[in-house]
Amino acid sequence: MASVLVVEDNPEHQAVIAEVVRRLGHSATLAGDGREGLAAAVAAPPDLVVADVDMPHLDGIRMCRALREHPATATVPVVLITAYLPPGDTSLASAEADAVVPKPFSVRELSETLRTCLESPPPRHDPAFTEALLRSLDAGVVACDLDGRLVVINQAVRDFFGDESLGVPARDWAERFGLRRHDGSPLPPDEVALYRALGGEEIRHDGVLAHDRQNRRRWFAINARPVRDASGNILGAVAAVHDVTAEHHQHQYERCKTEVLKALVHAPDADRAGTEVLRAISTELGWPYLRLWLVDPVSDRLRPAATHLADGAPPIQSPAVLDRGEGLAGACWAGGEPIWVPDLRAPDLPAAVEAEHYRAAVAVPVRSADNVIGVLSFFTVEHQEPDPALTVLLSGIAGHIGGYLERRRAEELSNQLAASIGEYIALVGHELRTPLTSIGTYTDLIAEEDDTTTVGEVRELLGVIERNNARLRSLVERLLDLSALEAGHAQLTVGDVDLAAVIAEALPDAPIRTDLPARLVIPGDRARLRQVAENLIGNAVKYSPDGATVHVALTADDDAAVLTVSDSGIGIPSGERDRLFARLYRATNARHSGIPGAGLGLALSRAIVELHRGTITLSGNEGGGTVATVRLPRRSGTSGPARPGRRDETLGGNH
């Protein structure tokens with residue numbers, strides 16, 4: 001009989017997995033989260049670990065990696081179960097799990113997977129052999145003797161550093177070739193990987209930045225280790241050199257895109273947006289001088305809208321305006337295509353550029369539909385050959401700026417520029433697969449009961465199926481309602497509504513402190529406004545401790561009615577407030593609290609409020625908890641069946 005450790009924070013799923021293990025004739029030990037599961041596995045290594053991916057404190061992927069790194073559990077088979085990530089996701093592969101079971105799964109599928117892992121564990125590769133194999137495929141190889149003299153240097157290294165590199169001792173390479181760390185800081189001579197290996201160190205993925213003969217930056221990852229004889233005495237050292245420039249640029253470009261989107265999402269206005277975008281590009285790409293030019297519709301000329309100058313970088317004396325075809329930005333505006341100037345000192349430049357302290361320049365058009373409405377120009381002190389991937393990145397950034405300048409509405413912009421369909425699909429899949437897993441597995445358990453089993457004996461299992469079926473039906477209905485609101489298919493029935501009466505009707509049977517006027521009439525849809533009130537007050541009550549008081553207040557000024565709902569509940573984790581209104585998203589403390597919820601209440605509420613031309617925000621309460629604030633116009637004709645703005649699915653979530 002084998003011992004199986006089941007690590008799952010969902011009690012229903014934990015019970016199903018444990019029952020399957022027992023039916024296979026093995027013993028099951030239970031853990032409610034990843035941290036508890038890791039401690040149990042290290043203390044008493046099991047024959048198999050079955051773990052969910054989405055767990056509090058330590059998720060299944062990180063727990064699996066920790067098991068692989070610990071000597072006591074390095075070879076223990078691990079089966080990961082997920083409703084959030086597809087089986088082919090790279091993060092699952094990096095965890096080195098032996099099998100992945102996607103939710104929803106059947107009892108039969110889970111039984112077959114566990115039986116296979118227990119009876120015939122998958123073979124594991126010898127890490128030392130894998131390392132040796134990877135080193136044999138490295139593009140560059142250098143080796144030195146015990147005195148640090150190079151005795152082996154292959155052609156790939158010579159092509160980059162020159163034939164004279166063979167005569168340079170290991171310790172002198174940093175100074176001779178101007179080596180730097182990946183962040184650009186100088187590399188001390190004693191930190192050269194080959195020299196460190198002579199001291200007995202084994203170095204993996206040591207990052208080095210160097211310049212080639214054309215003064216172009218190249219990034220390398222270096223593996224180095226001492227060369228020992230049979231007795232363990234050090235005879236020298238060997239290093240494998242990987243050119244990771246392409247990978248570095250890919251990560252650099254992804255970071256740049258992410259930071260630009262963040263800057264655009266959080267910018268309060270267009271002026272700040274331009275400044276923050278240029279700052280993000282300069283920080284991530286290392287370019288010291290950037291300028292955003294915009295077409296002045298009155299004069300039909302380019303005018304500078306934002307400029308970024310890195311610390312210590314020399315300024316460029318640019319004119320206050322540029323005509324079409326004038327200078328680098330004007331030429332880009334006229335041609336409507338990106339312009340690269342690899343060397344500003346070369347003759348026959350495509351455009352006149354006055355930038356004596358800089359070596360290369362790039363300009364990309366900022367478009368709105370088919371019209372060029374501006375130009376982004378960049379200057380660097382290094383030689384910069386045209387890079388197709390970088391051209392796509394810069395053109396994409398310019399496109400985002402063009403869209404921002406056309407729409408200008410900050411909340412709509414945040415949704416359109418930073419939307420992540422993948423995350424929304426993952427959230428939908430998780431919310432659908434979780435009840436489906438319970439329905440399917442508990443149906444399987446009932447089906448496997450003897451024919452003599454009475455309904456009373458399986459009533460508890462039927463209750464689980466009924467509860468999850470109701471949850472699934474409610475989820476689908478609310479998703480359809482939200483989609484209809486956002487698409488404009490669900491129209492408002494607008495009339496005079498006494499908002500004070502609507503809120504009073506929405507109050508639940510719970511300790512609520514209210515400050516409501518006798519009457520406050522606004523134009524709106526009575527049923528939809530009650531839906532908003534019920535969602536906000538229900539959230540406040542649900543996430544507050546027993547006996548806590550929820551405060552509901554309604555005030556008004558000349559322009560708007562203001563509804564505030566304050567609670568002293570679990571609050572919002574730091575860093576998650578910007579994601580509170582996305583469909584199906586729930587804050588991490590709410591998701592793992594055991595309190596039921598689908599993550600749709602706030603998304604529905606915001607769609608309804610925006611159809612009324614209002615706003616809804618969430619903030620922290622001074623004494624702990626959350627304050628929800630809704631502002632609705634009081635004047636007739638300001639609300640109506642308008643279509644709400646498309647929201648960014650990644651920036652919100654229900655409290």
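The structure displayed is predicted, hence computed values, not measured ones. Positions are given from 1 along the sequence. What's counted below: heavy atoms across the whole structure, side chains too, no hydrogens, waters or symmetry copies.
Contact detail for Leu24 and Leu114: the closest heavy-atom pair is CD1-CB, 3.8 Å. Between Asp47 and Ala2, the closest heavy-atom pair is OD2-CA, 3.3 Å. Glu19 and Leu445 get closest at one heavy-atom pair: CG-CD2, 4.0 Å. The two atoms that bring Thr73 and Ala41 nearest to each other are CG2-O, 3.5 Å, heavy atoms only.
With sequence neighbours excluded, the residues satisfying side chain to side chain contact (heavy atoms under 4.5 Å, CB included) with Pro508 are Ala510, Ile512, Ile537, Val541. Partners of Asp33 by salt bridge (Lys or Arg N to Asp or Glu O under 4.0 Å), not counting sequence neighbours: none found. Asp183 pairs by the side-chain hydrogen bond (donor to acceptor under 3.5 Å, both in side chains) definition with Ser185, not counting sequence neighbours. For Arg108, the salt bridge (Lys or Arg N to Asp or Glu O under 4.0 Å) criterion is met by Glu112, not counting sequence neighbours. Qualifying side chain to side chain contact (heavy atoms under 4.5 Å, CB included) partners for Thr283, counting only residues two or more places apart in sequence or in other chains: Arg279. Applying the side-chain hydrogen bond (donor to acceptor under 3.5 Å, both in side chains) criterion to Asn233, with sequence neighbours excluded, gives Asp229. For Glu449, the side chain to side chain contact (heavy atoms under 4.5 Å, CB included) partners two or more places apart in sequence, or in a different chain, are Arg23, Thr453, Val458. Shown here are the salt bridge (Lys or Arg N to Asp or Glu O under 4.0 Å) partners of Arg35, two or more places apart in sequence or in another chain: there are none. Under the salt bridge (Lys or Arg N to Asp or Glu O under 4.0 Å) criterion, Asp444 pairs with no residue, sequence neighbours left out. Among residues two or more places apart in sequence or in another chain, the side-chain hydrogen bond (donor to acceptor under 3.5 Å, both in side chains) test is passed with Asn469 by none. Scored by the side-chain hydrogen bond (donor to acceptor under 3.5 Å, both in side chains) test, Glu36 finds no partners at all (sequence neighbours excluded). Every residue two or more places apart in sequence or in another chain that forms a side chain to side chain contact (heavy atoms under 4.5 Å, CB included) with Leu209 is listed here: Arg180, Arg217, Trp219.
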Evaluate the criterion side chain to side chain donor-acceptor pair (under 3.5 Å) for residue pair Thr245 and Asp243; output intermediate values, then yes/no. CA-CA 6 Å; Thr245 302; Asp243 187 339; 2.7 Å; yes
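The distance from the CD atom of Glu8 to the CD atom of Gln14 is 7.0 Å, given to the nearest 0.5 Å.
A salt bridge links Glu259 with Lys262: the distance from a Lys NZ or Arg NE/NH1/NH2 to an Asp or Glu carboxylate oxygen falls below 4.0 Å.
Of the residues listed (Leu48, Val20, Ile17), the one engaging Val6 in a side chain to side chain contact (heavy atoms under 4.5 Å, CB included) is Ile17, and it is the only one.
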